[in-house]
Amino acid sequence: MHDAGSPQLFSRSSGEGENAVQEAEVRPSAEDLIRTDVRALRAYAVAPADGLVKLDLMENPYTLPPDLARALGERLGHVALNRYPPGEPARFKQRLAERIGLPAGQALLLGNGSDELIHLMIHACARPGAAVLSPWPSFSMYRMTAELDRCRFVGVDLRDDFGLDLPAMLAALREHRPALVFLSYPNNPTGNRFDDGAVRAILEHAPGLVVLDEAYLPFAGRSWIGELPRVRNLLVLRTFSKLGLAGLRLGYLCGAPEWLAEFDKLRPPFNVDSLTLAAADFLLDHLDVFDAQAAIIRADRARMIAALRAIDGLQVFDSAANFILLRVPDGDRGAGERFAHLLRQGILVKNMSAFHPMLRGCLRVTVGTPEENAAFLEAMKQSVE
Ligand SMILES: *Cc1c(COP(=O)(O)O)cnc(C)c1O
């Protein structure tokens, strides 16, 4: 045993040669150690985007105004990085609750992005045989996370217009009795908000928890947060990412304290770091900046949809998010060719064609700045000529 902090801690132990021989004899391979399902996975692919017009990941294209960025830098310079983050950032949560109008009696749980909160909820509910259900196609993480936790994932196909197939949803609720239902609202990657009546019916008939994932709230103009006090099995999931802070990694879950207390037990201590908390705390006083950016993006979304619809051969879907789904002719091949053409023009979008049969021929494009959108539209026009 060494004393902690002694130089020995960093020095090589004696008998190095001997260790090397032992290691060679017992060195395990990935097959020996790593779960079969994990070995079969591919790591979440984020496309390289250096020098490209980046319209693939639903990022807000606008940065902070320079004076605000400077003030934020000043604030971050005072964060005590020698200390662990606060165990329970009660003051920040209180301020956040006020800003978002969290109903009385409801609680907040912070996550390292809403992705982490999806993990925590599924992990907590992953009893043997548990099912996780979502209309499909939807956000890929619901399925991937559920399957990694050995839940049965039930994807209920959307209707052709990407609306909820309510009879099929209700039948699946009865048959599979899912512990968790995820509703991406608006739905990624289709962009639409589900019908209110259908969502209400699901809330009423779901035997377990229903998570309304409001990642695109700034562009959706509608939230379910006001329903929390009335609907005991509802949870509302949100993130700062699509608002314009994807680099921060901060998501939050809103719901009844008794549910959140269970998920909190699985939360890695210090999951949200001090810089993120300080930045978010500072920016809570400047949400008007992000609201103004979101308003610009919503207006540009309408312009972009109209311009795309003027291009022959494209099927352009309505959107309540900061991205637009469009279908090009010739299925997989057409989508691949358009995607490659755009890339040659320096524009990165997301090719959704292989994700689900309903998305055959589909590209998903984020609404960017007017200049970026113009470049995208120009390249799309060329691609059909
Ligand atoms: C982007 C997205 C998220 C992920 O948000 P993070 O907070 O960045 O992890 C969650 N849900 C949906 C539907 C999304 O599209």
Side-chain angles (χ1 to χ4, degrees), residues 43-47 49 54-61 96 100 108-123 132-146 148 153 155 158 162 164 180-194 199 209-220 222-225 235-255 263 267-268 271-273 276-277 279-280 283 290 294 297 301 317 319-325 349-350 352 355-356 359 362 364-367:
Y44 189 89
V46 177
K54 200 168 180 317
L55 302 178
D56 62 330
L57 280 185
M58 285 79 90
E59 291 147 326
N60 172 343
L96 178 59
I100 63 172
L108 288 174
L109 183 66
L110 304 183
N112 193 298
S114 47
D115 277 350
E116 182 181 52
L117 294 163
I118 294 169
H119 274 275
L120 297 183
M121 287 185 273
I122 291 177
H123 208 39
V132 172
L133 183 145
S134 170
W136 208 248
S138 187
F139 188 41
S140 61
M141 292 304 287
Y142 305 150
R143 172 177 213 145
M144 181 177 159
T145 309
L148 267 183
F153 179 80
L158 292 169
F162 298 140
L164 285 176
L180 280 164
V181 174
F182 285 95
L183 296 176
S184 171
Y185 185 94
N187 189 41
N188 175 8
T190 55
N192 56 313
R193 280 190 324 230
F194 297 130
V199 173
L209 295 167
V210 180
V211 182
L212 264 290
D213 183 344
E214 298 186 339
Y216 298 96
L217 176 72
F219 317 100
R222 221 171 163 85
S223 171
W224 289 84
I225 200 168
L235 297 166
V236 174
L237 180 64
R238 292 186 178 175
T239 175
F240 281 74
S241 293
K242 311 290 158 53
L243 182 65
L245 297 165
L248 272 193
R249 311 309 303 136
L250 184 62
Y252 55 96
L253 183 65
C254 316
F263 306 141
R267 183 177 58 84
N271 62 330
V272 180
D273 67 89
T276 295
L277 279 173
L283 292 169
F290 298 100
I297 292 167
R301 171 183 71 198
F317 298 95
S319 171
N322 64 339
F323 61 85
I324 298 163
L325 188 76
V349 299
K350 184 92 174 172
M352 301 303 303
F355 185 66
H356 188 277
L359 301 176
C362 287
R364 188 189 65 194
V365 58
T366 308
V367 180

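Positions are given from 1, in the same order as the sequence printed here. Atoms within each ligand, like the ligands themselves, are counted from 1 in listed order. Scope of the values below: all heavy atoms of this structure, side chains included, with no hydrogens, waters or symmetry mates.
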Q.
So for ligand 1, is Asp115 a polar contact partner (N or O within less than 3.5 Å, distance only)?
A. yes

Q) Is the closest N or O pair between Thr239 and ligand 1 shorter than 3.5 Å? A)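 Yes.
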
Q | Side-chain donor or acceptor of Asn322 paired with backbone N/O of Val367 under 3.5 Å | A |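 Judged by distance alone, no pair lies under 3.5 Å.
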
Q: Look at the side chain of Asn192 and the backbone N and O of Phe162, then say whether any donor-acceptor pair between them is shorter than 3.5 Å.
A: yes

Would you say [X] contacts ligand 1, with heavy atoms under 4.0 Å as the rule?
X      : result
Tyr185 : no
Met141 : no
Phe240 : no
Ser184 : yes

Q) Out of Tyr142, Phe182, Phe153, which one pairs with Trp136 under the ring pair (Phe, Tyr, Trp, His ring centres under 6.0 Å) rule? A) Phe153

I need the nearest protein heavy-atom contact for [atom]: residue, atom name and distance, please.
atom                    : answer
atom 4 (C) of ligand 1  : Ser114 OG, 3.4 Å
atom 11 (N) of ligand 1 : Asp213 OD2, 2.6 Å
atom 8 (O) of ligand 1  : Ser241 OG, 2.6 Å
atom 2 (C) of ligand 1  : Lys242 NZ, 2.5 Å

Atom pairs and distances, side-chain donor-acceptor, residues 241-251, under 3.5 Å, sequence neighbours left out:
from   : atom 1 : to     : atom 2 : distance (Å)
Ser241 : OG     : Thr239 : OG1    : 3.0
Ser241 : OG     : Arg249 : NH1    : 3.3
Lys242 : NZ     : Tyr216 : OH     : 3.2

Q) Residues in side chain to side chain donor-acceptor pair (under 3.5 Å) with Arg238, at least two apart? A) Glu214, Ser223

Q: Kindly give the heavy-atom pair with the smallest separation between Pro189 and Phe323, and that separation in Å.
A: O-CE1, 3.4 Å

